[in-house]
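Written out below as structure tokens is the structure these notes cover.
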Amino acid sequence: MKTLFRTFEIFYNLFFFGSKFKGLFTVKAFKICIAAYVIGVLVNVVCLLNCLMNSEGLVKAVKVKRLNQSYVFAISQAIFKPCEVLFNQAIFSNLMEWISDMEERQFEEFIEKSAREHIARIRRYSLKAAKIMSFVYIQGTVGFILDLSLSHDLIVTMPFLSSIAHKNVQLLIQGYEIAFVAATIFIFDMFYLIVAIYIMAMSFIVKDAVKSLKFAEDRGKRLQSIQELHSEYIEKLNLYSEGTSRMLLLQLATSITALQMLLYIYRTLSNYLAGVYLLTVIVQIFLICFLCEILEVTTEDIYDEMCRVDWYEFDIKEQKHFLFCLQMAQRNYGLRAGGMYNINLMLFVQIMKLSYSYCTFMQAVVDQ
């Protein structure tokens, strides 16, 4: 986990020209990394526009058109996600420092053991999530490139290079550009995922701290610690929600549209390789909805756990303190796309139903 987190920390400081690693990386290296990213994105955009506007030697079949459009949404994610992190630099810098400190943090004695267990468990989950996402994104990217290469389809073409005489070169460039976009999306998705998992760990710690009140004698001291931990959890969750609000809206909009197009290709054209990268898009949507559902449920669990405490047996001062904590827990905390739309597993089910209905309708229109 230290290696994974250090990778994100180095990447974060590279992206923001951070000061922590200036002893390891020169300012020139920072500029080279940023320039490489900007050039990679610009080359992708130029090649995509060239392919959309120039039909030389290209058969604009339904499949190629749909893949063209899907790739537009992939590039939009690769551009928007880094920009969103950049615009919310203060928020994500705060969250990164908080995660880094949590690894070495000393909690109150009554919750120390439970906190260390949760952090260790979250560390394991983070590594498993990284492995699963790596596999899904790699197989989706390879499947996408392989499908286009085997059928000799071009969805991005280099300007001033003939798509007929130099088709193999164009296919090679296309494969590199697709891999670049996929790697960018993967890095930022993992960045958002790791932060969300650590916020989730804090909710588990708060819940266990509330449980310890039932048989505790030093309730006053524990209530103070619980209030501080709960306030910290709410603060970090609200920061994360503020920093990801626009990103989640764009993520859902682009992923849903790409899902419908790829599902249409898979069903209508019986393209089984399309099912490979279709799975990647489904996993991407599911992961967002699942994480938001977990964060919402764990927040509600804190309130439910507080309701099980026999607070009426506390003295007056402790009762007032506890009821203040209970009032904080009653509020609805969670992640919303664009600050408006609740994200949960029910939304994922609705997205899948809508996409399948759209695909069925389009197939019926084509058959007629």
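All of these numbers come straight from a predicted model, not from anything done at the bench.
With contacts defined as side-chain heavy-atom distances shorter than 4.5 Å, the pair Arg121/Phe204 does not qualify. Looking only at side-chain heavy atoms (C-beta outward), Leu287 and Met133 come within less than 4.5 Å of each other. With contacts defined as side-chain heavy-atom distances shorter than 4.5 Å, the pair Ile185/Tyr137 qualifies. Side-chain contact check for Ile119 versus Arg105: every heavy-atom pair is 4.5 Å or farther apart. The side-chain heavy atoms of Asn88 and Met247, taken from C-beta on, include no pair separated by under 4.5 Å. In this structure the side chain of Ile199 reaches within 4.5 angstrom of the side chain of Trp98, judged on heavy atoms. Residues Ile111 and Asp208 meet the side-chain proximity criterion, which asks for heavy atoms closer than 4.5 Å. With a 4.5 Å cut-off on side-chain heavy atoms, Thr184 and Pro82 count as touching.
Residues passing the salt bridge (charged side-chain N to carboxylate O under 4.0 Å, His left out) test with Glu228: none are found, sequence neighbours excluded. Evaluation of the side-chain hydrogen bond (donor to acceptor under 3.5 Å, both in side chains) rule for Thr254 yields Gln77 as partners, not counting sequence neighbours. Taking Glu296 as the reference, nothing meets the salt bridge (charged side-chain N to carboxylate O under 4.0 Å, His left out) condition, with sequence neighbours excluded. Shown here are the salt bridge (charged side-chain N to carboxylate O under 4.0 Å, His left out) partners of Asp189, two or more places apart in sequence or in another chain: Lys81. Under the salt bridge (charged side-chain N to carboxylate O under 4.0 Å, His left out) criterion, Glu112 pairs with Arg116, sequence neighbours left out.
A side-chain N or O of Thr299 and one of Tyr233 form a donor-acceptor pair less than 3.5 Å apart. Side chains of Ser255 and Gln251: a donor-acceptor N/O pair is present below 3.5 angstrom, by distance only.
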Lys236 and Met202: side chain to side chain contact (heavy atoms under 4.5 Å, CB included), yes or no, with the steps? CA-CA 9 Å; Lys236 302 308 176 185; Met202 178 56 75; over 6 Å; no

Step by step, would you call Leu295 with Ser203 a side chain to side chain contact (heavy atoms under 4.5 Å, CB included)? CA-CA 8 Å; Leu295 287 171; Ser203 71; 5.8 Å; no

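Note that the CD1 atom of Ile343 and the CG atom of Leu291 stand 10.5 Å from one another [nearest 0.5 Å]. Residue Leu223 holds its CG atom at 12.0 Å from CZ of Phe324, rounded to the nearest 0.5 Å. Taking OG from Ser355 and NZ from Lys353, the interatomic distance works out to 12.5 Å, rounded to the nearest 0.5 Å. Here the CD1-CD distance, from Ile145 to Gln174, works out to 8.0 Å after rounding to the nearest 0.5 Å.
A donor-acceptor distance shorter than 3.5 angstrom exists from the side chain of Tyr240 to the backbone of Tyr192, with no hydrogens or angles considered. In this structure a side-chain-to-backbone donor-acceptor pair under 3.5 Å is present from Thr280 to Val136. Not a single donor-acceptor pair under 3.5 Å links the side chain of Glu305 to the backbone N or O of Val210. Under a 3.5 Å cut-off, the side chain of Ser76 and the backbone N or O of Phe73 do form a donor-acceptor pair.
Taking hydrophobic clusters as Ile, Leu, Val, Met, Phe, Trp and Tyr residues chained together by side-chain heavy-atom distances below 4.5 Å, Phe348 does not share a cluster with Leu354.
For residues 242-263, the pairs satisfying salt bridge (Lys or Arg N to Asp or Glu O under 4.0 Å) are Glu84-Arg246, with sequence neighbours left out.
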